[in-house]
Every structure is written in structure tokens, then in C-alpha cells.
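Written below as C-alpha cells is the structure these notes are about.
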Amino acid sequence: MPSPAGGAGRYAPSPSGELHLGNLRTALLAWLFARTTGRRFVLRIDDLDRVRPGAAERQLDDLAAIGIDWDGPVLRQSGRLPAYATAIDELTDAGRTYECFCTRREIQQAATAPHAPMGAYPGTCRELTDAQRAARRAEGRSPALRLRAEVDDYEITDLCHGRYRGAVDDLVLRRGDGIPAYNLTVVIDDAAQGVDQVVRGDDLLASTPRQAYLGELLEIPAPTYAHVPLVLNGEGKRLAKRDGAVSLSDQRALGNTPEDVVSAIAGSLGYTARTTAELREVFDPARVPEKPWILEPIGLFQPDRCP
Ligand code: GLU
């Protein structure tokens, strides 16, 4: 794995609530991948959507409490609107965008049509005439802006999943409410922070070919990707707040320290360590478990249940 001078890994939480053990484990993995490959580690707060007041500050406190440190200022997406607008202008000037007036319902109906790739936008508004656009505006619809993609799929390479080819459709760049879309902002911000290694949960793997394709159009080289397994509850579903004592503050209330949490996460990765510094000494990026960590309600104390 390359460790280029100046490269960085990152963690980019959405400040919608407290980080749970799954988020902390992904953050720790991202930190370990970066720090053991000579990279900087940067943070970004994805605060264009789903913001709960005070959540970002608590998330940063929790990351620091388990021993994660970071370089430079924390980037907040809410302060980056001009950068997204510049990228959108660049794509629009190159003829690579179009306005889309479809409602969510219309898209769902079109996407269930035979032969439509799963979840892909079928291009309904791609060839609208000026008159048709004007008519839709007159109905009071405010358009989203979509990428005019020239491929149907795109291949990326992932440290955990190998070569992965996934769908690329005419993805949304700016939503109807004017907010830039995640698939755009992530590409622009990773580049702005010098990120060349993206470690995140494998629920985001399917979006990655879209992001890498968009990056290519914007002449942003693809980072190294590692989409790591999630933490699941006893029913095999993605861990959530309702699954019990899943946050650091819940664990503190039970008398467990951040070191206890780090050692449980280390155990789930196949290591014995009580601190992130100890874990860093032994961590091998080539040996990330392939399976999710199944966390029973009191899972912290049952490491023998981990795969
Ligand atoms: N903010 C996104 C999330 O919490 C993650 C973005 C990313 O890692 O690319 O799901």
C-alpha cells in the first residue's frame, strides 16, 4: 500500500446524533489505516443534512476520548458551498449537467420498470426541450441538477473487496432544495483535504463507482478505498441507537471506560490492545475481518461471540 508524502486518510461523520460502536469502530479503522501507512488523518463534518445541535461537538469529543487524533482544522461542509458551486459550474459549462423535475414518486415508478438497473435514474428529463422545462417550472417544480453520465458502470479497486464494478447513473449533483448532493461533496472535499485513502463502512461501497467516475470528470485521481464490514445487531441488522448501550456515554453509564470500548473493538478485529496507541503497534491493514461484527445487546463483554 503506498504511503505518499502528503496523503491523508479521513473520517466524515454526519452530525445526526451520537456515534455508536459501529461508527467508532469504522473511525478507528480509518485512523489505523492512515497512521500505519504514513498518512495524515483529517476529519470532516458532513453537516448539509440531518444536523442535530451539539452532535458534532460530542462526536469529536468521543473520537478524542478513544484516542483518535487528527491533523489540521475540522472541515465543515456547511462552509464549503462556494467550492461545490464552482465544481457544478465547471460540469455545467462542459455540458455535463441537466435539470431534473421528477418527483421521488416518479423516479421510483420509473426505476421499477423492466430492465431498469436497480435504483438507477432512467434519464426521464435528459432530453427535455426549453419549452418543456419552462412548463414544469410554471407548475412550481424546482429542479434538481443531474450529471449527464456517459457510462452505465465504473470499476474501482478496494482493499477489502478487490475489483468492484458498480452502476453509474445520472446522479444528482444538487437537490431540488438547492443543497449539493453527497456524491458530489464527498469527492470535492476529499480532494480539498488531500485525502488519498478512503476507509468507511461497506454500506457505501455501492455509491463508490459513481463518486470515482465523477472524480475522473473533475480530474481528481481516485483514492485508495477500503470499505470495511459494519457492526450488526443480534438480528443481523445495522447497529442503531435502539440496540441498547451502543454509545460511549451509554457505556460510561454502565461503568465502562473508553479503554474498555477500545479493547472490545480491538477484540472484534482480532487484536488484544487497550489503547489506540497499542493497537497501532500491531495493526495490519491487510488483515481486516471480512465479516461484520455481530454485537449482542451486551456484546462488549462477550468478545467470544465475535467472528
Ligand atoms: N457522512 C457519511 C456518513 O456518515 C459518510 C461519508 C463518507 O465516509 O464518505 O454516512
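Residues take their numbers from the sequence shown, with the count starting at 1. In listed order, ligands and their atoms are each counted from 1.
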Could you tell me which atoms of ligand 1, counted from 1 in the order shown, lie closer than 4.0 angstrom to a heavy atom of [X]?
X	answer
Val186	9 (O)
Tyr182	6 (C), 7 (C), 9 (O)
Arg200	7 (C), 8 (O), 9 (O)

Should Leu248 and Leu28 be regarded as members of a common hydrophobic cluster, given that ILVMFWY residues are connected when their side-chain heavy atoms come within less than 4.5 Å of each other, either directly or indirectly?
yes
Less than 6.0 Å separating the ring centroids of Phe41 and Tyr11?
no
Please confirm whether Gln211 approaches ligand 1 to less than 4.0 Å, judged on its heavy atoms.
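In this structure, Gln211 fails to qualify as a contact of ligand 1 - no heavy atom is under 4.0 Å.
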[atom]: which protein heavy atom is closest, and how many Å away?
atom	value
atom 8 (O) of ligand 1	Arg10 NH1, 2.7 Å
atom 3 (C) of ligand 1	Ser14 OG, 3.6 Å
atom 5 (C) of ligand 1	Ala12 O, 3.4 Å

Under 4.0 Å, heavy atoms only, figure out whether ligand 1 is touched by the backbone of Tyr11, its side chain, both or neither.
neither
Partner of Glu99 under side chain to side chain donor-acceptor pair (under 3.5 Å), chosen from Arg137, Arg136, Arg146
Arg137
Whether [Y] and [X] form a salt bridge (side-chain N of Lys/Arg under 4.0 Å from carboxylate O of Asp/Glu) is what I want to check.
X	Y	value
Asp250	Lys241	yes
Asp190	Arg44	yes
Arg163	Asp158	no

